[in-house]
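In what follows, a single structure is set out as structure tokens and then discussed.
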Amino acid sequence: MASFLEFKNISKGYPGVQALSDISFAVEKGAVHGLMGENGAGKSTLIRILSGDQSADTGEISLDGSVQHYSSARDAFDAGVIVIHQELQLVAELTVAENLWLGRFPAKAGMIDFKKLVSDVSQKLEAIGIDVDPRIKVANLSIGQRQMVEIAKAVMLDARVIALDEPTSSLSSRESEILFALIGKLKAQGKIILYISHRLDEVFRLCDSLTVLRDGKLAAHHASLAKVTRDQVITEMVGREISNIWGWRARKIGTERLKVEKLGGRLLPNPVSFDVRSGEIFGFFGLIGAGRSEMARLLYGADHRHTGTVTIDGVAVGGNNPRHSIEAGMVLCPEDRKFDGIIQGRSIEENIAVSSRRHFSPLGILQPGKEARLADRFIEKLRIRTPSRKQDIVNLSGGNQQKVILGRWLSEQGVKVLVIDEPTRGIDVGAKAEIYNILYELAENGMAIIVISSELPEVMGISDRIAVMCQGRIAAVYDRDAFDERKILAAALPDRSAAAVA
Amino acid sequence: MSVSLKKLLLGEQGLVVIFALAFIVVAVFVPNFLTERNMLGLLQSVVTIGIVACTMMFCLASRDFDLSVGSTVAFCGMIAVMASNATGSILLGLIAALLCGALVGLVNGVVIARFRINALITTLATMQIVRGLALISSDGRAVGINDPNFYQLALSKFLGIPAPIWVMLVLFIAFGFILNRTVFGKNTLAIGGNPEASRLAGVNVVSMRVWIFALQGFVCAIAGILLASRITSGQPNAATGLELSVISACVLGGVSLAGGRAAMAGVIVGVLIMGIAENVMNLLNIQAFYQYVVRGLILLLAVLLDNLRSGAVGRRG
Amino acid sequence: MSVSLKKLLLGEQGLVVIFALAFIVVAVFVPNFLTERNMLGLLQSVVTIGIVACTMMFCLASRDFDLSVGSTVAFCGMIAVMASNATGSILLGLIAALLCGALVGLVNGVVIARFRINALITTLATMQIVRGLALISSDGRAVGINDPNFYQLALSKFLGIPAPIWVMLVLFIAFGFILNRTVFGKNTLAIGGNPEASRLAGVNVVSMRVWIFALQGFVCAIAGILLASRITSGQPNAATGLELSVISACVLGGVSLAGGRAAMAGVIVGVLIMGIAENVMNLLNIQAFYQYVVRGLILLLAVLLDNLRSGAVGRRG
Amino acid sequence: DVKIGFIVKQPEEPWFQDEWKFADVAAKEKGFTLVKIGAEDGEKVQSAIDNLGAQGAQGFIICTPDVKLGPGIVAKATANELKMMTVDDRLVGADGKPLEDVPHMGISASKIGEAVGQAMVDEIKKRGWDMKTVGAIRVSYDQLPTAVDRVEGALSALKAAGFPQANIFDAPQAKTDTEAALNAATVVLNKNAGIKHWVAVGLNDESVLGAVRATESVGIPADGVIGIGIGGAESAINEFKKPTPTGFFGTVIISPKRHGYETALNMYDWIANGKQPAKLTLTAGQLALRDNYAEVRKELGIE
Ligand SMILES: Nc1ncnc2c1ncn2[C@@H]1O[C@H](COP(=O)(O)OP(=O)(O)OP(=O)(O)O)[C@@H](O)[C@H]1O
Ligand SMILES: Nc1ncnc2c1ncn2[C@@H]1O[C@H](COP(=O)(O)OP(=O)(O)OP(=O)(O)O)[C@@H](O)[C@H]1O
Ligand SMILES: [Mg+2]
Ligand SMILES: [Mg+2]
């Protein structure tokens, strides 16, 4: 069978970075093609070129043998290419249905046919098993729900090529299954699917063929995954072997550090209580919209607490202002890096030092040398791929941005409680292992760590204890020796009869 | 306060309800306020602001900003008068004015959207350039209207209501419809809410923005023509400071300067609040200097109330 | 164009370089421009804008907006004169003015940051209220200065340069330092880049914003005092429209209205461009109406050039 | 009971404040209600008249923002059945001719300007300056027609006395306040650093004051400058009160008393007693100097 989609000698450079150099490969019809590589390897750049959003410096893309010359996202649509970008691209003020139709509203003489708008979307969402009301505004959805909406875009248009850039980065396994089923259907219809992910399991399960990028170059191309092993792919990506990425090791767990009692807020109507001991890594698992992120924000004082007390080492922490929490020794690494994490327009160095610089700025006057050293340390430790610490953070790849945010919190001093929401969202395998190691080290030094994750293997791999949340309450808590994938999943699933709400 | 009353006040239409209450209070306590004459006078006094606010709403909703409206209104009024005088045909004069208005808007739009120049600076620049042109073309003096029929544009009545008010009402309805029911309106909101996402979804952001500015210019021309007809001359100094009044009316009416949020009902209320404040202060014979203070306080109060409302609804993002 | 020249023009300091080139051209071709007298006159003419631009830069960099500066300058000038006259002590007068300025700023800040009211509307309201207070307190009249020593504030010289220019220079240096070298400055930029992320990173966003506004008010008072001393009276109508000039100067100088980007060098260049444009137009005897047009075109040109530059550097955003 | 409106174009200006003040005096005397409205542009004028109609006034006095608004204002007044008179500025029709039917009290802008110019000529002669070596700063605000008329009036008097056109320098102010005039005048002075003697004209006291401040800042002694303003309100008086004389030589005071008090009275008579006011009353301006300003003010009934 002839190649349907072909990249020919694609190169793309940004000031200081050669994002892609001379990439060529082809994908066949009815195939799911994986794209892997470290953070900053150039995956998203390639997809962006495919989507018409960016243009390549050299090289060309051909579809069905004809070379494409599109210059905007619109042209790419018209050519039958649809791309789900890594950063969510939704308009918060519009409803779910409007977002899904954006750019091609059903209309007569410019007037929108609202009936069709909603009913079509309802049908499509139902058909693929996404449980969201199409009439509510996207602003009212949790990150995970937004990601599902984004995925639904893939089927709204009868595209020939569908590219998905890390679609599962904040989905738990249940929602991921919905996506996989969807991909299966699309594949059967003869579509061509490009699939980017840092999760090896997914790639091996879904993909027929695989391309690995490294430093913007083509590191490997596998026309079939039959004889390829995971370790081989990791080596191709990272350039070295990683034996066991979880690397959990037993450590001494101390006395109670963080005590949370009856914590409740607007999005968390049923108060939750729990405690975490020093040296303990406490995992939170749940399906999307389970309320974990909201719990973390209330804990940290980012949102208004309606009820509850939080104490660290017996001292109460005042709510409603993150500053109080930081001063009491608790930090939160938020889940939504675009809205709550990165400080746009500022350098990596400033993004890292924004909170911790107060420890080394006497009288409020900066010591630039110290900040530079701090930044360099984390750039190296977290393997942040960038030409310079002065680089504007918006120019980093998604995973590298995430690492910078982690660096911000890991550089804080005197932290007693660390709360991280989706710590490895979009982070490559190599760096993941690195980050887990840092967490273990911190825990060994007596820190209490709360890890929120939608990736069950991750929660099970690194936690000492797991709380499972479901519909805003803690449904179950398991100790490490009682971890069982099926039990945890069962606890996370809402009671079918009560599952009406989105 | 009973729960349902609270809900009414703080709900989506909160500002409208608060406004209605305030209106009743004013009508009861201010003598001469609720007379037919005063109501017509009031409505006529907000015609310019009201008309221009229609498109300013789109402009703000798409995260843009237009400071040149005041100059454009004056300039188009001048053009209408001068072209009518020169050609002897009112119709040609009107057409010339509308074209000029759209042209000014188009220039704004192209510079802002295509050359990606900051909207504030661009429209501040065109504000000066257009005002300069208006002054140059008339040597800084008002231009009288030769054909008295031109006055009829503003004087003619239908069902007892003067034409400018009808024009304003028609534009309110038209733009309210466009905002909520058409692709153009939804795309405007989408661009304001998230320009990047809209672009990636295939909305032609650049041409949308150009269109919005061109429309703004066109509508300014309508306002300018009616104004010239009402004041029976083209005045190069007319409508100075209009831009801030219009933007305030929009923001009062809940249009977000950060883009993505707008509602015609809100804007109408915003326009009326501005008009009623002036009207009542004059009816009550409040001293000029105190009018400044009162005007400021009313503005503050109106947003404060509206804010209580949206604070109660609460949002994360 | 050789590569290194291109780099120079389009690099970080591009606007500064372009400005330097333009300055040389003007100096060569405009007679009387590069005389010591004219240079001092030019600098004195930008003192008010320059001083207020220092803090406006912070305000814009943190995604805020302040329209009340013009009124505050006028009001504080009045207060300085009236309090000096009343107490017989210039020092007390100055202290009173500085306190009043800071108070106005504080009110702005508290309303905007704590009650979360739109900055545009709030400062538009305080702009009117403060102007009203200035008019009321003096009954709309200019207030003369009793003690001639007050004039010395503006007339005294050091190294041949009048004091107001020194004050402006000192503030340029001070605020440049604060912006780049202190936690306060960096936090301001962080708030502008992403307020929510800054809040979560422990920056006390509310109190930072309040501080910035209070500082703005304080600096307006300095400008108001110097202005009153220069025009030897407190005038309630002084400095109208100052807000737009100051904001333009900042935006010209590369301060982003979307927050997060600012540089003192840019702002200084922005202020000078505005001043030189006026100065040269008057030196060349350009007719008043054409000055509007020229002023607009210069604004456009300046941002266009700057834009070419940043377009060449390219950002994802 | 009688209700009379008094609409002015620049409510913040001391001049109009004074007109209002004197009209209030008339209102107290005769016991009618005076409604004071500021209307900065044509549109505001329209709604102000509507507003007066709505609150049941019988007539109004207006100083219009632009004389060309004439037909519109007359039409509005008729529609609202209001009697009207104009003050300060006389309305003109589309053809540029004054609307003779509307009673008017005022002083022509060019006449005031001529008074300024004449005073200047006299003082130049008295100081024994040679006109050829004197520079004139024309602080201009050309978008305001009244401003042009005043300034041109003054310059025409100067030129009539032999002042060379080449020595007149334009200093366009961006706004009408003192600072803008100061900045504009500074440029003129620096451009002509050779000229030692200066005269300054402008549309009001504030603009002339700006020019005077500019001469001070470049170090021209006070006796080398003759600035004559128009208005005679506080800014000018403050200048006269300064311990040492400045370049601000004098100001042409126009009396707000007649304009405010008499017009209001005439209107009242018209409404209450049906007595039509005179179609045209012209008042005069009077030059006030540092040493006689108090008397002049008393004479004009201001103090
Ligand atoms: N606008 C830009 N300016 C400068 N550098 C850029 C820009 N966009 C991308 N880059 C750089 O290009 C490289 C490739 O980025 P890309 O986003 O394609 O990586 P990625 O493989 O998708 O990584 P991730 O797994 O983290 O998403 C990175 O080094 C990034 O810093
Ligand atoms: N801004 C908002 N306004 C209203 N409701 C919201 C908002 N954000 C989230 N929600 C709702 O609150 C609930 C809890 O969301 P939360 O983000 O805490 O879930 P989560 O367990 O972290 O899941 P996810 O994996 O989706 O992040 C969800 O049902 C969601 O619909
Ligand atoms: Mg990526
Ligand atoms: Mg979450």
Checklist outcome for this item: Applying a strict 4.5 Å limit to non-hydrogen atoms, the region of A/His85 in contact with chain B is side chain
Item to check | Pairwise distance CG(B/Leu200) to CD1(A/Ile82) - rounded to 0.5 angstrom | outcome: 11.0 Å
Checklist outcome for this item: Between A/Ile112 and B/Val183, the two heavy atoms sitting closest are CG1-N, 3.5 Å
Checklist entry - Side chain, backbone, both or neither: which part of B/Asn180 has an atom under 4.5 Å from a heavy atom of chain A? => result backbone
Item to check | Student check: side-chain heavy atoms of B/Arg199 and A/Asp53 closer than 4.5 Å | outcome: yes
Item to check | Interchain contact, B/Ser256 with chain A, by part (heavy-atom threshold 4.5 Å) | outcome: neither
Next on the checklist: For A/Val91 versus B/Gly193, what's the shortest heavy-atom pair and its separation?
Outcome noted: CG1-CA, 3.8 Å
Checklist entry - What pair of heavy atoms forms the shortest contact from B/Gly202 to A/Ala73, and how long is it? => result N-CB, 4.5 Å
Next on the checklist: Using every non-hydrogen atom in the two residues, find where B/Ala197 and A/Leu90 come nearest and quote the distance to one decimal.
Outcome noted: CB-N, 3.9 Å
Item to check | Top of A/Leu94, A/Asn99, A/Leu102 for chain B proximity - count of heavy-atom pairs under 4.5 angstrom | outcome: A/Leu102
Checklist entry - What's the spacing between B/Thr182 OG1 and A/Lys108 NZ if we round to 0.5 Å? => result 15.0 Å
